[in-house]
Number of protein chains: 2
Amino acid sequence: MNSTNHYPDRTVERLCTYRRTLRRCLDEGKPRVFSHELAAAHQATPAQVRRDLMTIGFSGSPARGYDVAGLLEYIGDILDPPDGTAAVLLGVGHLGRALLAHFTRDRSPLHVAAAFDITPEKVGASCHGCTIHPLDALERIVAETHATVGILAVPAEAAEDMALKLVACGVRGLVNFAPVLLHLPSDVTCEDIDITVSLEKVAYHARHAEPRVA
Amino acid sequence: MNSTNHYPDRTVERLCTYRRTLRRCLDEGKPRVFSHELAAAHQATPAQVRRDLMTIGFSGSPARGYDVAGLLEYIGDILDPPDGTAAVLLGVGHLGRALLAHFTRDRSPLHVAAAFDITPEKVGASCHGCTIHPLDALERIVAETHATVGILAVPAEAAEDMALKLVACGVRGLVNFAPVLLHLPSDVTCEDIDITVSLEKVAYHARHAEPRVA
DNA sequence: AGCGCGCTGTGAACACGGTCACAACGTGAA
DNA sequence: TTCACGTTGTGACCGTGTTCACAGCGCGCT
């Protein structure tokens, strides 16, 4: 378990979602959870949950389960940098606005620090509490806000350009909503969210599902 | 290769994206492609592409590659029902509106046939060319439009309820944007798109990426 | 016509994540 | 104090998806 190249992607993903359940437990005043409870709240088996917690090195106690507050903090230490994570949004179209609305509502250790758009008449305006900046302010604002991730909500044609601009500013993580593959340096992490593909996949599976299994 | 339970999810996903590249080839008047060209346009190796095409039973010719038009049609026969796929959208908030805008622009064999919302003042209005219906019209309209997939863009608290309503109407595929796990019958396919988790994952990986690899 | 290059098709090996099954152990009851 | 139950921690196993490596083959060049 060296310092670079940490935990597997799938495990990290589940950690993010375990947190939600743990927070709910905390809200409900539930001090301890069992692996099977966490498993039920996710798409997982108890063994999977235990394996994940083993992977990150968190121990529970037999017959009493895992300490909710302790686990929550432990996961937080893994996922969150001490000073929170700042993101910048590129492209304030329909999707960009929806994302801004989402992240101003959503309570999470992540916040969108600034938004950018090329359209001159959008620049200077504010959307869901976030000021829209011109593109040429990107480098300055990324530096000022210490943003480490970028959200690409721009048209497909502009996506790669914008991605490279972000990378040039030092951003090393991207979430890309444009339906194109971005060619990026290997030290940049990119998560593609392709709504059309997701829908087509689901439509396919829905057509070919067996009538009934369980 | 029985009729139910078809191709692996990952393969289907790549087929969706291969189509994009193939359409672009067609637009450019390129009649044939090699596996390494398709691979370069995706996150894949040439062997992966050949394996996918082998899986679906499409043959190319050595030294000339794959026929673009033929492959495009072949994939279309696999992915698209003969009469297209209709989807319904539940929840016309910020995200719902962005999705409507997206799908009225995007040319694909998929279209959003109707939108639904509980808010009385939204009902009856039209958004990006799509009429917003009241929830109690769901069953009728799903039947009329032969919608097979549902898009959930509702708050987390309402998601499971809405999902079950859709399933009761005969919908067997869901795309869920709400940050909760839906408990559904096993013959229903559900794809979760969780933007917060994606961002947290990317932020994590960005923090732990090795400084440079290739 | 013959040759060589470069592509496809595919069995075999590999890697990874997920699951099983069980030993170890703490807790609560008797 | 002792016992039995239920849960954790984990080595071994398994299945799936990806990659390797090479045989087979068609095209274009000479």
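None of the values given here were measured: they were computed from a predicted structure. These numbers come from the heavy atoms of this one structure, side chains and all, not from hydrogens, waters or symmetry mates. First the proteins, then the strands, lettered A, B, ... as listed; each starts at 1.
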>> Judged by each residue's nearest nucleotide on DNA chain C, which is more toward the 5′ side, A/S61 or B/R50?
In response: B/R50

> Roughly how many Å is it from CD in B/Q43 to C1' in D/dT18, rounded to a whole number?
Replying inline: 14 Å

>> Checking contacts here: which listed nucleotide (C/dT27, D/dC27, C/dC20) is nearest the side-chain heavy atoms of A/A47?
In response: C/dC20

> When A/R14 is tested against each of A/D52, A/D9, A/T55 for side chain to side chain donor-acceptor pair (under 3.5 Å), which residue passes?
Replying inline: A/D52

> Which one, D/dT10, D/dT8, C/dG9, comes nearest to the side chain of A/M54?
Replying inline: D/dT10

> Quick one: B/E13 CD to D/dT18 C1', roughly how many Å, whole number?
Replying inline: 15 Å

> To the nearest Å, how far apart are A/D9 CG and C/dG18 C1'?
Replying inline: 15 Å

>> For C/dT27 and A/R64 - does any side-chain N or O of the residue sit under 4.0 Å from the phosphate oxygens OP1/OP2?
In response: yes

> Is the gap between the ring centers of B/H94 and A/H128 under 6.0 Å?
Replying inline: yes

>> Of the options D/dC20, D/dG6, C/dG9, whose atoms approach the side-chain atoms of B/R51 most closely?
In response: D/dC20

> Taking CG from B/D67 and P from D/dG26, how many angstroms apart are they, rounded to a whole number?
Replying inline: 17 Å

> How long is the line joining NE2 of A/H36 and P of C/dT19, in whole Å?
Replying inline: 17 Å

>> Checking the side chain of A/D192 only, and the main-chain atoms of A/D194 only, is there a donor and an acceptor separated by less than 3.5 Å?
In response: no

> For A/R14, which contact category applies under a 4.0 Å heavy-atom criterion: base, sugar-phosphate, or nothing?
Replying inline: sugar-phosphate

> In whole angstrom, what separates B/Q48's CD from C/dG9's P?
Replying inline: 15 Å

> When the distance from CG of A/D52 to P of C/dT19 is rounded to whole Å, what number comes out?
Replying inline: 10 Å

> Would you say D/dG9 has OP1 or OP2 under 4.0 Å from some side-chain N or O of A/Y66?
Replying inline: yes

> Looking for any heavy atom pair under 4.0 Å, which part of the strands does A/P46 touch: base, sugar-phosphate only, or nothing?
Replying inline: nothing

> Within the structure shown, what part of the strands sits under 4.0 Å from B/S59 by heavy-atom distance: base, sugar-phosphate, or nothing?
Replying inline: sugar-phosphate

> Counting side-chain heavy atoms from C-beta on, which of C/dT8, D/dT7, D/dT8 comes nearest to B/S35?
Replying inline: C/dT8

> What is the distance from CG of B/L53 to P of C/dT8, rounded to the nearest Å?
Replying inline: 9 Å

> Any side-chain donor paired with an acceptor under 3.5 Å for A/H102 and B/T196?
Replying inline: yes

> Distance only, no hydrogens: is a donor on one side chain within 3.5 Å (strictly under) of an acceptor on the other, for B/H208 and A/Y7?
Replying inline: no

>> By nearest atom, which of the nucleotides D/dT7, D/dT10, D/dC27 is closest to the A/P62 side chain?
In response: D/dT7

